[in-house]
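The chain is numbered in sequence order, starting from 1. As the structure lists them, so they are numbered: ligands from 1, and atoms in each ligand from 1. In what follows, every heavy atom counts, from backbone to side chain, and hydrogens, waters and symmetry copies are set aside.
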Amino acid sequence: MNTSFETYQRKDEWLTPPYILKALGKFDLDPCAPIKRPWKIAKKHYTKKDDGLSKVWKGRVWCNPPYGNQTAKWLSKCSLHKNAIVLIFARTETKMFFKYIWEQADAILFIKGRIKFYHNNGVQGDSAGAPSVLVAFGKRNVRALYESKIKGILIRLK
Ligand SMILES: C[S@@+](CC[C@H](N)C(=O)[O-])C[C@H]1O[C@@H](n2cnc3c(N)ncnc32)[C@H](O)[C@@H]1O
């Protein structure tokens with residue numbers, strides 16, 4: 001069963017499947033982490049309580065950002081930080097996708113099939129209502145996408 005795109009947009013707590021994180025190597029920071037999380041995502045986490053957007057980011061960042069009209073701000077910060085992998089829906093036609101990904105990212109991996117994200121109690125949900133991409137900012141993160149063996153099509157942008 002698919003959970004519709006709109007349903008996904010209405011809720012923030014959709015967690016990245018651990019197999020994706022494991023395939024991409026260790027991250028220093030998840031600046032948009034759930035307050036209640038069933039597993040560690042990075043060495044350091046910022047949650048809603050901290051407002052991860054207002055913080056200084058250091059090191060290699062994992063960013064599966066809040067959905068809806070918040071997403072662009074997170075993409076902007078990742079593009080300036082230049083050391084991040086972002087997981088978002090493949091809405092390749094949107095203004096934010098053009099401004100921060102097509103024009104600034106180093107590579108995109110279009111993931112084969114649809115991701116089943118997790119709830120913050122650790123239970124896996126149904127397939128997402130849209131396909132997803134992993135976006136690399138920085139050479140090291142391009143290499144991580146290449147080496148991840150996550151199924152899909154990788155496009156080098158720079
Ligand atoms: C799509 S979930 C991804 C969670 C996690 N990053 C992962 O990859 O599994 C987005 C998360 O961002 C958090 N969030 C929303 N606004 C935030 C903010 N201003 N600062 C930090 N985290 C925030 C939500 O609570 C939610 O857990």
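Heavy-atom separations between Phe27 and ligand 1 are all 4.0 Å or longer.
Residue contacts with ligand 1, taken as heavy atom pairs separated by less than 4.0 Å, involve Trp62 solely via side-chain atoms from C-beta onward. Contacts with ligand 1 closer than 4.0 Å are made by backbone heavy atoms (N, CA, C, O) of Ala33 only, the side chain lying farther away. At a 4.0 Å heavy-atom cut-off, ligand 1 touches Thr47 through the backbone alone.
For atom 17 (C) of ligand 1, the nearest non-hydrogen atom of the protein is Lys48 CG, 3.6 Å. Considering only non-hydrogen protein atoms, atom 9 (O) of ligand 1 sits nearest to Thr16 N, 2.9 Å. With hydrogens left out, the protein atom closest to atom 3 (C) of ligand 1 is Asn64 O, 3.1 Å, a heavy atom. Atom 20 (N) of ligand 1 has as its closest protein heavy atom Gly52 N, 2.9 Å.
Applying the side chain to side chain donor-acceptor pair (under 3.5 Å) rule to pairs touching residues 21-30 yields Asp28-Lys43, sequence neighbours excluded.
Less than 6.0 angstrom separates the ring centroid of Trp102 from the ring centroid of Phe97. Proximity of the aromatic rings of Trp39 and Tyr118 is defined here by a centroid distance below 6.0 angstrom, and this criterion is met.
Annotation for ligand 1: atoms under 4.0 Å from non-hydrogen atoms of Pro65 are 1 (C), 10 (C). Which parts of ligand 1 touch Asp51 is read off a 4.0 Å heavy-atom cut-off, strictly below it: atoms 18 (C), 19 (N), 20 (N). Residue Pro34 has at least one heavy-atom neighbour below 4.0 Å for each of these atoms of ligand 1: 4 (C), 5 (C), 27 (O). Heavy-atom proximity to Ile41, at under 4.0 Å, picks out these atoms of ligand 1: 5 (C), 7 (C), 9 (O). Within the listing of ligand 1, atoms 5 (C), 6 (N) sit less than 4.0 angstrom from a heavy atom of Asp30. Residue Trp74 has at least one heavy-atom neighbour below 4.0 Å for each of these atoms of ligand 1: 17 (C), 18 (C), 19 (N), 20 (N), 21 (C). Of all atoms in ligand 1, numbered sequentially from 1 with element shown, those under 4.0 Å from a heavy atom of Leu15 are 9 (O).
Checked by atom type, the side-chain pair Arg60/Asn141 shows a donor-acceptor distance below 3.5 Å.
Summarising the geometry of Arg114 relative to Ser127, their closest heavy-atom pair is CB-CB, 4.2 Å, with the distance given to 0.1 Å.
Under the rule for a side chain to side chain contact (heavy atoms under 4.5 Å, CB included), the partners of Tyr146 that lie at least two apart in sequence or sit in another chain are Val142, Leu154, Arg156.
In the candidate list Cys63, Ser54, Cys32, Pro38, Cys32 is nearest to atom 22 (N) of ligand 1, counting heavy atoms.
Taking the ring centre of Tyr46 as origin, the terminal cationic atom of Lys55 falls inside the region bounded by 6.0 Å and 45° from the ring axis.
Polar contact check, Asp12 against ligand 1: no nitrogen or oxygen pair lies under 3.5 Å apart. Among the atoms of Pro66, none of the N or O lies under 3.5 angstrom from an N or O of ligand 1. Between Glu13 and ligand 1, at least one N/O pair is under 3.5 Å apart.
Between Trp14 and His119, the ring planes are tilted. Angles from 30° to 60° get that label.
One hydrophobic cluster holds both Leu145 and Leu21 under the rule that ILVMFWY side chains link at heavy-atom gaps under 4.5 Å.
Between Lys149 and Glu147 no salt bridge is recorded (no basic side-chain N to carboxylate O distance below 4.0 Å).
Atom-to-atom distance recorded for Ile153:CD1 and Ile155:CD1 is 7.5 Å, nearest 0.5 angstrom.
Between Leu134 and Val86, the closest side-chain pair of non-hydrogen atoms is not below 4.5 Å.
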